[in-house]
J.: 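I have a structure here, written as structure tokens, and I will follow up with some questions on it.
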2 protein chains.
Amino acid sequence: MPKAKSFNEVTKDWRLLLAADIVVFGFIENKLKVLLVRRKFEPGVGAWAIPGGFVRETESLEQAALRELHEETGLSQSAYLEQLYTFGDVKRDPRGRVISVAYIHLVNNPEKIKLNASDDAAEAKWFDINSLPTLAFGKSHRDILEYAWQRLKWKFEYSNVALSMLPDKFTLSDLQKVYEAVYHKKIDKRNFRKKILAIDFVEPVDQVKQEMGRPAQLYKATTTKLKIYNHVI
Amino acid sequence: MPKAKSFNEVTKDWRLLLAADIVVFGFIENKLKVLLVRRKFEPGVGAWAIPGGFVRETESLEQAALRELHEETGLSQSAYLEQLYTFGDVKRDPRGRVISVAYIHLVNNPEKIKLNASDDAAEAKWFDINSLPTLAFGKSHRDILEYAWQRLKWKFEYSNVALSMLPDKFTLSDLQKVYEAVYHKKIDKRNFRKKILAIDFVEPVDQVKQEMGRPAQLYKATTTKLKIYNHVI
DNA sequence: CATATTAGTGTCCTTTATACAATCAATTTT
DNA sequence: AAAATTGATTGTATAAAGGACACTAATATG
């Protein structure tokens, strides 16, 4: 029987890089947008890519994801962070093997975020999920975005994550628009409100939003925690 | 502005181990069972743990998962393999930082598998998911199993993965028992059959299974591919 | 031939999903 | 001030799906 492999035997012969990629979604101008950065370095210099970076020794994967995000958006706290998938066989970096743990990140005040250039990114910009630019790393990053979007759709169906994409106070129309942007289809207003109000999801606050037309009742989340429902929203 | 980190700057100072853990589920004696191994080495020597091992340079994460599984079960092909989660901040190994990518694996002929001792495992054994032994690595491995089970329940609801836990030909009662084992609750026979037969899921073959009682119609999967349904099974 | 064992089948009721349009409260225009 | 505009708010009827529930059928065994 062969003897067990020691740490050195396992690691000495090959290079392993650990990266965290973050798919950042925001709801801007009634559209679902995703944050991309223009790469400063090879590979894929000059092309748009999903923000991310290498994990440091002393930080967890989540911490690395949040730090990278902070560096690129100035955003210091997360409305919602979820691990998406780990990509391990992609030979996308000529310098060695890269294990990339991808996260989904939702922000609730995308308009207020000022996008910074960072160590690795020359520029950061929001893109409509339906009109993405050509991405670095070929089909790989595009696939990650599609997968992230798909996951987001699922999550919207049976949880309250949608509230992570809105400010503290919002109208039911605002909420419906977020759903419409993520599902990428129109929803019937009466049926939507019926469902939302039937579950313990939001509650009215003593305030209205006055823009054009009839003032709209403002609501807030009943909980700031992630909540999973059995039925479908 | 700081300059970009080179590969060496990122990696030279810390050790990174990449592991694949595999939660193997099988349907045995009408129960949902999970495969555990008794550890041969520290940490946690002598305790039961989720099988797994280190990823080699030349193999993908999936390949590593399948290889480890093969070494421990003799199983050479997978009925179903799905990435579960990546654990990255667990300081469970004193030798350095371990990034562990966990997979769910379903086997369709657990009775026929002969369990081998391997490099890292002294012994491998099936355990009822409802009466697990004390595990190595404290609460961590237990949590992984719970999470894997939860994921499996979800997947059963909207896909045909259940068929990956049965032989090629099976009766509707067999299928129902798999669902009951995974959901850990009784299902009404008539409602179950109504649902199963209402979707394009299985088709009868020209053969019956004769054991005790009335002979049962045998069925086969309409497709061997993973299939996602919109409604709930 | 009686009994044991497992397979197979249908109806009613409740819940949920979907389609669909008029009225209300404010602002803006004329 | 009347009319037009903008967006908010509300209910009903029909269809689809889910859940509860009990008897008959086909084989083997004693």
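Proteins come first, then strands; the chains are lettered A, B, ... in the order of their sequence lines, and each starts at number 1. What you are looking at is a predicted structure, and each value in this text was computed from that prediction instead of being measured.
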J.: With nearest nucleotide decided by heavy atoms, which residue, A:Leu197 or B:Asp188, maps closer to the 5′ end of DNA chain D?
T.: A:Leu197

J.: Does A:Lys194 make a side-chain donor-acceptor contact with the base of D:dT12, cut-off 3.5 Å?
T.: yes

J.: Heavy-atom count around A:Lys153 NZ within 6.0 Å, excluding the residue itself: above 12?
T.: yes

J.: Given C:dG8, D:dC21, C:dT5, identify the nucleotide with an atom nearest to the side chain of B:Met212.
T.: C:dT5

J.: More than 12 heavy atoms of other residues, nucleotides or ligands under 6.0 Å from CG of A:Asn130: is that the case?
T.: yes

J.: Count the heavy atoms of every other residue, nucleotide or ligand shown that sit under 6.0 Å from NZ of A:Lys169, and state whether that count exceeds 12.
T.: no

J.: Whole angstroms only, please: what is the CD1-P distance between B:Ile199 and D:dA17?
T.: 12 Å

J.: Please report, rounded to the nearest Å, how far the C1' atom of D:dA20 is from the CZ atom of B:Phe192.
T.: 17 Å

J.: Taking NZ in B:Lys227 as the centre, count heavy atoms belonging to other residues, nucleotides or ligands within less than 6.0 Å. Is the count above 12?
T.: yes

J.: Compare the minimum distances between each of C:dA7, D:dG11, D:dA22 and the side chain of A:Arg190, then state the nucleotide with the smallest one.
T.: D:dG11

J.: Rounded to the Å, how far apart are B:Arg193 CZ and D:dT24 C1'?
T.: 14 Å

J.: In whole angstroms, how far is the P atom of D:dA22 from the NZ atom of B:Lys189?
T.: 14 Å

J.: Using only side-chain N and O atoms of B:Lys209, determine if any of them is under 4.0 Å from OP1 or OP2 of C:dA7.
T.: no

J.: Which nucleotide sits closest to the side chain of B:Arg214: D:dG11, D:dA26, D:dA8?
T.: D:dA26

J.: Find the distance B:Asp174:CG to C:dA7:C1' and express it as a whole number of Å.
T.: 12 Å

J.: Please pick, from C:dA25, C:dC20, D:dG19, the nucleotide with the shortest atom-to-atom distance to any side-chain atom of B:Asn191.
T.: D:dG19

J.: Which nucleotide wins on minimum distance to the side chain of A:Pro215, given the candidates D:dC21, C:dA25, D:dG19?
T.: C:dA25

J.: Please state how far atom CG in B:Leu218 lies from atom P in C:dA7, giving the value in whole angstrom units.
T.: 11 Å

J.: Taking the minimum atom-to-atom distance to the side chain of A:Gln217, which one of D:dT9, D:dC21, C:dA7 wins?
T.: D:dT9

J.: For the residue pair B:Phe156 and B:Tyr179, does the interplanar ring angle fall in the parallel (under 30°), tilted (30 to 60°) or perpendicular (over 60°) class?
T.: perpendicular

J.: Take the protein atom CD of B:Gln210 and the nucleotide atom C1' of C:dA4, then report the distance between them rounded to whole Å.
T.: 14 Å

J.: Do any side-chain nitrogens or oxygens of B:Ser173 fall under 4.0 Å of OP1 or OP2 in C:dT6?
T.: no

J.: How many whole angstroms separate atom NZ of A:Lys195 from atom P of C:dA19?
T.: 10 Å

